[in-house]
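First up is the structure itself, then whatever we jot down about it.
Note on naming: letters A, B, ... go to the chains in the order of the sequence lines (proteins, then strands), and numbering restarts at 1 for each one.
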Amino acid sequence: MKEGLWREMGLSDQEYQQIKDILEREPNEVELGMFSVMWSEHCSYKNSKKVLKNFPTQGPHILQGPGENAGVIDIGDGQAVVFKIESHNHPSAIEPYQGAATGVGGIIRDIFTMGARPIALLDSLRFGSLSKSKKSRFLFDGVVAGIAGYGNCIGIPTVGGEIYFHPSYEDNPLVNVMCVGLMDQKDMAKGAAAGVGNPVMVVGARTGRDGIHGATFASEELSEASEEKRPAVQVGDPFMEKLLLEACLELIKTGYVVGMQDMGAAGLTSSSCEMAARAGTGIEMDLAKVPRRETGMTPYEIMLSESQERMLVVAQQGKEKEVQAIFDKWGLEAVAVGRVTADGFMTLKENDTVVARIPARALTEDCPLYEPEAKEPAYLSRAREYDLSTLPELEDCSRTLLAMLATPTIASKEWVFKQYDYMVGINTVAGPGAADAAVLRVKDTKKGLALTTDCNSRYVYLDPYRGGQIAVAEAARNLVCTGAQPLAVTDCLNFGNPEKPEIFWQFKEAVAGMSEACRELGTPVTGGNVSFYNETKGEAVYPTPVVGMVGLLDDIDKATTMAFKNDDDIIILLGQNKDELGGSLFLSIIHGLEAGRSPELDLSLEKLVQSTALSLIKQGLVTAAHDCSEGGLAVALAECCIAGGKGAAVLLTDNMKASSLLFGESQSRILITTPKGKVDTVLALLAETKVPYKVLGDVGGEELNITGSGWKVRLAVAVMEEKYRGAIACLMNS
Amino acid sequence: MKFGVVVFPGSNCDADCFHVVDKVLGQPAEYLWHGQEDLKGVDCVVLPGGFSYGDYLRTGAIARFSPLMDKVVEFANQGGFVLGICNGFQILTEIGLLPGALVRNPSLQFQCHNTYLRVERTDTPFTGSFTDKQIIQVPIAHGEGSYFADPATIERLENQGQIVFRYCDAAGAVTPEANPNGSLHNIAGIINEKGNVLGMMPHPERCSEEILGNVDGRLLFESLVKGQQGGESR
Amino acid sequence: MFKAIITVNFKKSILDPQGTAVLKALKSMGYSGVEDVRVGKHIEVSLEAENIDKAKEQLKEMCDKLLSNPVIEEYKVDVAEVR
Amino acid sequence: MFKAIITVNFKKSILDPQGTAVLKALKSMGYSGVEDVRVGKHIEVSLEAENIDKAKEQLKEMCDKLLSNPVIEEYKVDVAEVR
Ligand SMILES: Nc1ncnc2c1ncn2[C@@H]1O[C@H](COP(=O)(O)OP(=O)(O)O)[C@@H](O)[C@H]1O
Ligand SMILES: [Mg+2]
């Protein structure tokens, strides 16, 4: 073996020494390769594990928290929802179509591995400036097509998501995909290789040389040299995955499955040793039996291949034939390559020769954990101390609102979701663009599910703790606006290089903020994904801890969307307008400033606003609901108008600058409308809960009129709609 | 009326079609596995949407060689009802039960959105419950739904009234702007000469329930069921 | 063992949206000399057959039945023996 | 005027799902002699250029920048002068 090979594989000298201590000898190349991928940040969470312990993970409806392939929550009637989010950032930077497509494929496998039928996808995306950067347009175009290509083909609707454009993502886009599945609780499968003697089977696609060392690749910064590592990108085959999905679900129904796990990052290595470690067993495999796509593959290549659309199944002894028959029906291979052993070792053979022998737990548990140094970055005090009071005041409020609506981050994402089949499965009650969260019915019940992803990374950049809190609060608020009770969280933490103290500080603070908000709002974390090293040429992306959240509606007929619906409905704002512009999109777009403090968040007010809105919706008193987020109150009103094709007349009496009042992003605000005849009931209820609120005006006409003291917004809905819906298509077709 | 929903490897609207005939219409329904040769005595075969064989090579190209498809052709030739939706329509053109071909959308993108359709004929078994020239809303979801045929075929389709659905605007005008995918003559769905095989790109099964906000598609399935009931009582 | 290269193209009378899009993209990248682009399929098939004529016959059949659709496409087959 | 034929294929080591699906289909249709199928793109480009070397240079650039992604694909260019 080449001297210092471990360094090329991303292991430190100490880690190498530790491996020698564990094995009580030098590892061979296969063993070293296995350690290097399993001990990479991507698989081991060695830099983040200690911090992630802060997340609350317990709650009454949590059936499975972190540790399995996906989280599981109880939604009553013996049913469960399985969900998880994952990133595929680096592959997407290099080959946007295939990178994004295989990202979708990977997260879908995590869901059906648990025994659930995937019913929805959401995508949380970040790119550089769409108007200024050709590269960003190229990446955006390819990523969206890749998500569409995979999701549409396999037949899982992409029902929601979010997209932000910011220069920090120019060379390192973020592609996070969440998948949600539904199952009967009795069908829950786990990823444990239990039962000594049980056969271990490789099922699905054949193994090729693709993606070797993908996990290590994900744990480094992007550089020119990444180009050389290009084989780390794979081509996805959604058709194969569809067959695999149907075969696996059919197999689970038979009861012959003991454990099952998909082969994602680090392929056969991670799936086998994780399954053994979970069960406290060992696995012996003959690599010569693994079906291959290419000739002459070495044990090293077979163990580290990241070929897609493969699973590892531990079946009941004696049921191999039955398992094979099911895969055969779907035109897939299922080959027994080994068995579960009692000795706790991963024993890999090629025919009769042992090529690797490592204690399974050494790969999964013994990886050294680090607590990198954390230090508050210098930019923070500069940004916070920026004096915003010197900014010139708005001259033309209407023009400014139009400009905001045409900003790609705010503008309609129709150009994107038109490419997604968001209806297949016929469960989509509120698809993309219709409501603050996607709403799906649960067939044969009255129930509905609400799904969202959220993260405003500018807030996190300016105040990681508060930004983390807001990401959680906004996700919950979005669910509430559709009439759902928020239940649980999955998160995807996208940060720069954790070896830099400033980055690690952002990470720690953001997780602490998210943890507090999750605790307060009663939405535990069931799992997630950490993606570090999102940097190019030493510049990190904005810290982006994406929150994926699932909520439950007991009565799908009460599902609420954001569209203004009836003339004369009364518009009410729950929450408070504050004079705060810090961290707002307005500052960034209109003044080119990323400064100030992120908006304040009072979690008890947040809870009160949310519970009030939810209770009004459940009582059937609300005709539309929408939270105020990027672009503030003015943009929220405009969005309700555009969605409903109806105008509104609004009077704002707050004693505040027009810019703050219209475009400030104060948290904990929800716009609702209620029919005129019910307004007294609503106001009485509001008075009872003591929630701060304001009656703003009413729905009607073909214009949005907002009147303040000394200023006015007056825009035809049709004009706003044209800007809002056309902006992204216009940039992409130019 | 007993419906049979064909399942090809890669079909993904099979369960949706099944749900609508079974749960919404309350009709008997069976899944028909592509590898078998048994139509299980159904009265109407539904070829559902999806990506049979991954849409590899050409949409519907590989699926038409499934063993079950020989039986479907026989069934159609004997007058049995066959409904091809989206990928099902593509398969019907590939196998020659319907003329023409469905090619890539000029946008080169997959397109998923509602479209307005004008019902051109109400005297077919699939459209009896619609009113003449009724304007309905039915969603499309495809990347290759641009209907093409040579001029002679198009003329024949027009002359023989084989065009059943056309893309139109909200007022029913058949215009280039209302054509989402460059289909010749705004064709969204056609029927064979005998009138028992219908192919359409839009998805009626996606708009057959109140909770989904639109029930226009249900009329298509109801037409079949009512037609048969009418036939039996006569 | 024979190796065939089959090219499948849209008939001239049929719009080739992909070709049009590539043409547009090349022009906007500054390749003003480009006049036309057509995008088709390039299929490589390796097969065993008794002799080259049998191979050709089989390949033609495959093209007619599966690899091309005569309504919209035309094809060309080149076969060579390899060892 | 030059006419180029560009073929773009997945690299040999990369999975070609389309080729695999076609191979299976051909086998199940009874063509048991077929051993391998790869499906790629066949792109025909007509362009004006000063001379064939300039044309080649431009075409290579187009392939690198737009027509293929070297991460997963490889390409081949054939150019000839036409009148
Ligand atoms: N990448 C995407 N994929 C699918 N839908 C999206 C995507 N981005 C945004 N949407 C949809 O567009 C709508 C508006 O999104 P967003 O601007 O994030 O709303 P909000 O600020 O209220 O959360 C939502 O319904 C969302 O699901
Ligand atoms: Mg949002």
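Between V34(D) and L47(C), the shortest heavy-atom distance links the atoms CA-CB, 3.8 Å.
Contacts of L67(D) with chain C are made by side-chain atoms alone, with heavy-atom separations under 4.5 Å and no backbone atom involved.
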Between chain D and chain C, identify all donor-acceptor pairs below 3.5 angstrom, including backbone and side-chain atoms.
| residue | atom | partner | partner atom | Å |
| --- | --- | --- | --- | --- |
| N9(D) | ND2 | E44(C) | OE2 | 3.4 |
| Y31(D) | OH | E61(C) | OE1 | 2.6 |
| G33(D) | O | E48(C) | N | 2.9 |
| E35(D) | N | S46(C) | O | 2.7 |
| D36(D) | N | S46(C) | O | 3.4 |
| D36(D) | O | S46(C) | N | 2.9 |
| R38(D) | N | E44(C) | O | 2.9 |
| R38(D) | O | E44(C) | N | 2.9 |
| G40(D) | N | H42(C) | O | 2.7 |
| G40(D) | O | H42(C) | N | 2.9 |
| H42(D) | N | G40(C) | O | 2.9 |
| H42(D) | O | G40(C) | N | 2.6 |
| E44(D) | N | R38(C) | O | 2.8 |
| E44(D) | O | R38(C) | N | 2.9 |
| E44(D) | OE2 | N9(C) | ND2 | 3.4 |
| S46(D) | N | D36(C) | O | 2.9 |
| S46(D) | O | E35(C) | N | 2.7 |
| S46(D) | O | D36(C) | N | 3.4 |
| E48(D) | N | G33(C) | O | 2.8 |
| E61(D) | OE1 | Y31(C) | OH | 2.6 |

